[in-house]
There are 2 protein chains.
Amino acid sequence: MRISTRGEYGVRAMVYMALNYLDGDIPLSRIALEENISQQYLEQIFSPLRQSGLINSKRGAKGGYTLARSPEKIFVGDIIRALEGPIAPVECVSDQKKNEDCRCGKSDNCLARQVWEKLRDHINELLNDISLQDMLDWKH
Amino acid sequence: MRISTRGEYGVRAMVYMALNYLDGDIPLSRIALEENISQQYLEQIFSPLRQSGLINSKRGAKGGYTLARSPEKIFVGDIIRALEGPIAPVECVSDQKKNEDCRCGKSDNCLARQVWEKLRDHINELLNDISLQDMLDWKH
DNA sequence: TTTAAAGTTGAGTGAATTAGTATGTATTAC
DNA sequence: GTAATACATACTAATTCACTCAACTTTAAA
């Protein structure tokens with residue numbers, strides 16, 4: 001039950017962006033430096049964040065990234081899903097999958113499946129309810 | 001955010017054991033057949049389940065496995081933890097780890113960490129609350 | 001108009017993990 | 001003694017992870 005470093009770094013980077021929301025465009029070099037993450041790896045991470053519409057980019061000198069909307073409108077769930085795809089503890093309860101694709105072969109009376117569905121929904125509800133602004137507010 | 005097939009198969013096998021709780025010793029060959037899981041792989045999965053005290057084993061002909069206690073006293077969280085270790089979305093909120101080991105270097109004001117802690121606790125609370133008996137009761 | 005700073009893209013890579021197989025040993029019922 | 005079972009260890013092919021590397025495009029500023 002681990003998220004990858006993409007998700008982990010992505011959340012940290014987005015929190016950093018939220019903390020510095022008023023600074024305008026923030027170059028990756030700055031995030032890489034302050035969060036101690038490889039800049040080239042961050043580039044890979046920011047690409048799907050941009051494609052998901054969570055951040056805007058500006059190319060060229062003095063360019064960088066900005067949050068696409070205010071921190072209270074961006075949720076951890078958005079970030080994780082952008083970076084790791086649909087949140088699902090097993091393949092057969094992922095959005096793209098239908099019951100029939102289940103490894104277990106039980107089309108509708110798979111008791112285990114109901115656990116995975118509950119777990120999936122629980123995780124999504126939690127992560128969809130934590131905004132970047134919520135996280136900023138936690139700061140003592 | 002996936003669990004491994006060990007956890008997935010482990011839960012299915014344990015549900016099977018619960019469904020057939022009154023049958024006495026159940027050999028792996030039967031579970032492997034009915035749940036369509038490799039018997040050799042199941043052997044690897046049952047070893048930590050036994051070491052965690054969730055099942056008892058009897059060797060030799062007519063041997064097999066039985067639940068170590070009744071289905072209402074065995075929880076999905078027990079099974080997952082036995083097979084995958086502590087449930088934690090990132091390493092730095094795993095039981096074994098201390099704050100200082102965190103990749104981010106922020107000893108106590110890591111905002112991201114608080115998300116992972118909430119997520120960890122949420123998942124554990126859910127899985128610690130679903131017993132095998134609960135699952136049997138779901139059966140239409 | 002040049003230059004440097006920045007984003008964008010795709011390929012490559014070594015290490016680790018996953019999802020199993022394969023093989024052999026020990027124990028027990030009959 | 002034999003067959004059925006648990007137990008244990010080693011092996012492996014494929015995949016994923018966590019990056020690095022290299023090339024290109026765009027833009028601001030000198």
Side-chain angles (χ1 to χ4, degrees), chain A residues 1-13 17 23-33 35-68 80 83-85 89-92 94 103-104, chain B residues 1-13 17 23-33 35-68 80 83-85 89-92 94 103-104:
Chain A
M1 290 299 289
R2 290 279 160 88
I3 64 161
S4 71
T5 54
R6 288 168 61 91
E8 183 181 343
Y9 294 167
V11 169
R12 271 171 52 204
M17 302 263 291
D23 286 7
D25 292 309
I26 300 175
L28 279 193
S29 54
R30 181 175 153 197
I31 305 178
L33 194 67
E35 288 289 330
N36 196 32
I37 301 172
S38 150
Q39 177 171 346
Q40 286 174 327
Y41 196 28
L42 268 185
E43 285 168 358
Q44 285 186 24
I45 292 170
F46 271 58
S47 175
L49 291 176
R50 181 177 54 84
Q51 286 170 27
S52 300
L54 299 176
I55 55 178
N56 295 322
S57 62
K58 197 167 110 189
R59 297 174 78 143
K62 301 283 176 184
Y65 293 95
T66 51
L67 295 184
I80 301 288
L83 294 173
E84 314 213 353
V90 300
E91 199 182 17
C92 73
S94 174
R103 251 188 290 256
C104 66
Chain B
M1 289 300 286
R2 291 278 160 91
I3 64 161
S4 69
T5 53
R6 290 168 60 88
E8 184 181 344
Y9 294 168
V11 169
R12 271 173 48 206
M17 302 264 291
D23 286 5
D25 292 308
I26 300 174
L28 281 193
S29 55
R30 180 174 154 198
I31 305 178
L33 192 69
E35 286 291 331
N36 196 31
I37 302 173
S38 149
Q39 178 172 346
Q40 288 172 328
Y41 196 28
L42 267 186
E43 283 170 357
Q44 286 184 25
I45 292 171
F46 271 57
S47 175
L49 291 176
R50 181 177 53 84
Q51 288 170 27
S52 301
L54 299 176
I55 54 178
N56 294 322
S57 64
K58 195 167 112 190
R59 297 174 79 143
K62 301 283 176 183
Y65 293 95
T66 51
L67 294 184
I80 301 288
L83 295 174
E84 314 213 353
V90 302
E91 199 181 18
C92 74
S94 174
R103 250 188 290 257
C104 67

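Lettering follows sequence order; numbering is per chain, from 1. Note that the structure is predicted; figures quoted are calculated from it, not measured.
Rounded to whole angstrom, the span from the CD atom of Glu43(B) across to the C1' atom of dA22(C) amounts to 11 Å. Distance Tyr41(B) OH to dA8(D) C1': 17 Å, rounded to the nearest Å. Atom CD of Gln40(A) is separated from atom P of dC19(D) by 12 Å (rounded to the nearest Å). Taking atom CG of residue Asp25(A) and atom P of nucleotide dT8(C), one finds them 11 Å apart after rounding to whole Å. The nearest whole Å value for the distance from the CG atom in Leu83(B) to the P atom in dT17(C) is 17 Å. Rounding to whole angstrom units, CD1 of residue Ile31(A) and P of dA6(C) are separated by 12 Å. For the pair Ile45(A) CD1 and dC19(D) C1', the computed distance is 10 Å after rounding to whole Å. Rounded to an integer number of Å, the gap from CZ of Arg50(B) to P of dA6(D) is 11 Å.
When distances run from any side-chain atom of Pro27(B) to the nucleotides dA8(D), dT8(C), dT5(D), the shortest one goes to dT5(D).
Residue Phe46(A) is classed as having no contact, given no heavy-atom separation below 4.0 Å to the nucleic acid. Contacts of Ile55(A) with the nucleic acid, taken as non-hydrogen atoms under 4.0 Å apart, are absent. Using a 4.0 Å heavy-atom cutoff across all strands shown, Ile37(A) reaches no nucleic acid atom at all.
For the OP1/OP2 pair of dG20(C) and a distance below 4.0 Å, the side-chain nitrogens and oxygens of Tyr9(B) include at least one atom meeting the criterion. Between dG7(C) and Ser47(A), no contact under 4.0 Å exists linking OP1 or OP2 to a side-chain N or O. Between dT8(C) and Tyr65(A), a contact under 4.0 Å exists linking OP1 or OP2 to a side-chain N or O. Contact annotation: Ser38(A) does not reach the phosphate of dA18(D) (side-chain N/O to OP1 or OP2, under 4.0 Å). At dA18(D), one or more side-chain N or O atoms of Thr5(A) fall inside 4.0 Å of OP1 or OP2 (strictly under the cut-off). Dashed line: the shortest gap from a side-chain N or O of Arg2(A) to OP1 or OP2 of dT18(C) is not under 4.0 Å. Residue Ser57(B) places none of its side-chain N or O atoms closer than 4.0 Å to OP1 or OP2 of dT5(D).
On a pure distance criterion of 3.5 Å, a polar donor-acceptor pair joins the side chain of Arg59(A) and the base of dT25(D). Residue-to-nucleotide contacts include a donor-acceptor pair under 3.5 Å from the side chain of Gln44(A) to the base of dT20(D).
Using a 4.5 Å heavy-atom cutoff, the side chains of Ile80(B) and Val11(B) are in contact. Annotation: side chain of Thr66(B) is not in contact with side chain of Lys58(B) (no heavy-atom distance under 4.5 Å).
The 5' end of DNA chain C is approached more closely, in terms of each residue's nearest nucleotide, by Gln39(B) than by the other of Ala61(B) and Gln39(B). Taking the nucleotide of DNA chain D with the nearest heavy atom to each of Gln51(B) and Lys62(A), the more 5' of the two is matched to Gln51(B).
Here OH of Tyr65(B) is found 9.0 Å from CG of Leu49(B). Values are rounded to the nearest 0.5 Å. With rounding to the nearest 0.5 Å, the separation of CZ in Arg30(A) from CG in Leu28(A) is 11.5 Å.
Remark: the backbone N or O of Leu54(B) is not paired with any side-chain donor or acceptor of Ser52(B) at under 3.5 angstrom. Proximity of a side-chain donor or acceptor of Glu35(B) to a complementary backbone N or O of Tyr9(B) within less than 3.5 Å is not detected.
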